[in-house]
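Only one structure is covered here, and it is reproduced in the block below.
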Amino acid sequence: MYRNDGFRELNRQESLQRLANAPVGRIVHTRDALPAVLPVNFILEESGAVLLRTSASSELVRAVDGAVVAFEADEVDAVTHSGWSVVVTGLASVVTDPGEHEQLVRTGPRSWVPWPVEVFVRIAPDLVSGRELVGGRTLYGLDQLDPPS
């Protein structure tokens with residue numbers, strides 16, 4: 001967060017509550033030494049970890065397993081100039097325990113594009129940050145919807 005940038009910082013609990021209700025987020029990882037962003041559906045575990053389900057042979061799995069990644073979700077209302085954004089940063093790892101995998105097949109996120117062999121990727125919530133802008137107003141009390149005089 002940047003101090004005095006006009007946004008209200010969300011604490012960890014507020015951030016995770018917002019994230020829990022978001023249907024889609026974006027995983028940010030490194031591909032060929034460059035940042036790559038991929039939209040994904042997910043669920044948020046009780047611990048705050050982000051859980052994805054994807055093809056075992058996907059490029060994503062090869063790129064993120066054992067790597068530190070960021071995961072971002074947001075909600076924006078362009079009419080009222082309000083919204084929020086939450087970022088979880090942490091180590092991504094493929095769930096390898098067979099028992100846990102079988103349980104997640106029943107209770108975990110559903111893939112929007114099912115694959116013959118799927119894996120679950122968990123992103124540890126090592127850093128959680130969030131911010132919001134409510135109704136187009138800044139911390140300075142200025143209304144952003146009115147043009148300057």
Side-chain angles (χ1 to χ4, degrees), residues 1-31 35-56 58-97 99-115 117-146:
M1 296 296 146
Y2 298 103
R3 294 181 58 85
N4 299 320
D5 65 359
F7 289 85
R8 183 177 81 82
E9 186 173 346
L10 301 173
N11 65 35
R12 184 181 180 96
Q13 181 179 344
E14 290 173 311
S15 295
L16 293 175
Q17 286 172 342
R18 303 275 169 86
L19 194 60
N21 294 314
V24 175
R26 287 162 286 291
I27 186 167
V28 182
H29 61 95
T30 303
R31 182 176 58 212
V37 181
L38 185 65
V40 293
N41 66 305
F42 69 101
I43 64 169
L44 189 68
E45 295 183 310
E46 220 173 279
S47 67
V50 174
L51 191 65
L52 320 173
R53 183 176 190 163
T54 190
S55 167
S58 73
E59 177 184 321
L60 176 65
V61 170
R62 291 188 302 276
V64 304
D65 190 24
V68 173
V69 301
F71 181 85
E72 188 271 347
D74 55 44
E75 184 177 286
V76 176
D77 184 329
V79 174
T80 63
H81 297 191
S82 62
W84 58 265
S85 174
V86 171
V87 177
V88 172
T89 305
L91 185 67
S93 57
V94 172
V95 173
T96 57
D97 178 81
E100 184 180 10
H101 179 86
E102 285 306 311
Q103 178 186 351
L104 290 173
V105 166
R106 293 186 303 278
T107 63
R110 298 285 173 238
S111 180
W112 288 5
V113 182
W115 299 93
V117 181
E118 294 179 320
V119 296
F120 294 92
V121 175
R122 179 174 287 123
I123 302 168
D126 297 329
L127 297 173
V128 177
S129 62
R131 62 189 209 155
E132 75 171 336
L133 178 62
V134 180
R137 296 195 65 82
T138 72
L139 293 176
Y140 310 109
L142 302 175
D143 190 342
Q144 295 179 331
L145 299 177
D146 294 334

Report yes if the side chains of [X] and [Y] come closer than 4.5 Å at any heavy-atom pair, otherwise no.
| X | Y | result |
| --- | --- | --- |
| L19 | V88 | yes |
| L60 | H29 | yes |
| E75 | R18 | no |
| V86 | F71 | no |
| Q17 | R12 | no |
| L51 | L104 | yes |
| E132 | E9 | no |

For A73 and G25, which heavy atoms make the closest approach, and how far apart are they?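 Closest pair (atom of A73, atom of G25, distance): CB-CA, 4.1 Å.
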Quick test of your reading of the model: are [X] and [Y] salt-bridged, counting only N-O distances below 4.0 Å?
| X | Y | value |
| --- | --- | --- |
| E100 | R122 | yes |
| R26 | D74 | yes |
| E14 | R8 | yes |

Rounded distance (nearest 0.5 Å) linking atom [atom1] of [X] with atom [atom2] of [Y]:
| X | Y | atom1 | atom2 | result |
| --- | --- | --- | --- | --- |
| T54 | W115 | OG1 | CH2 | 7.5 Å |
| S93 | F120 | OG | CZ | 13.5 Å |
| N21 | L16 | CG | CG | 11.5 Å |
| L44 | S15 | CG | OG | 10.5 Å |

W112 vs V24, test: side-chain contact (heavy atoms from CB on, under 4.5 Å). Steps then yes/no. CA-CA 11 Å; W112 288 5; V24 175; 3.3 Å; yes
When I123 is tested against each of T89, V64, V50 for side chain to side chain contact (heavy atoms under 4.5 Å, CB included), which residue passes? V50
Lys/Arg cation over aromatic F7: R131, 6.0 Å, 45° cone: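 Judged by the rule (NZ or CZ under 6.0 Å from the ring centre, within 45° of its axis), R131 counts as positioned above F7.
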Taking [Y]'s backbone N and O only, do any of them form a donor-acceptor pair with [X]'s side chain (distance below 3.5 Å, no angle check)?
| X | Y | value |
| --- | --- | --- |
| R110 | V105 | yes |
| D65 | V94 | yes |
| R31 | A36 | no |

If only side-chain N and O atoms count, and only distance matters, is there a donor-acceptor pair under 3.5 Å linking S85 with E72? yes
Is there a side-chain contact (heavy atoms from CB on, under 4.5 Å) between V69 and V28 once you walk through the steps? CA-CA 6 Å; V69 301; V28 182; over 6 Å; no
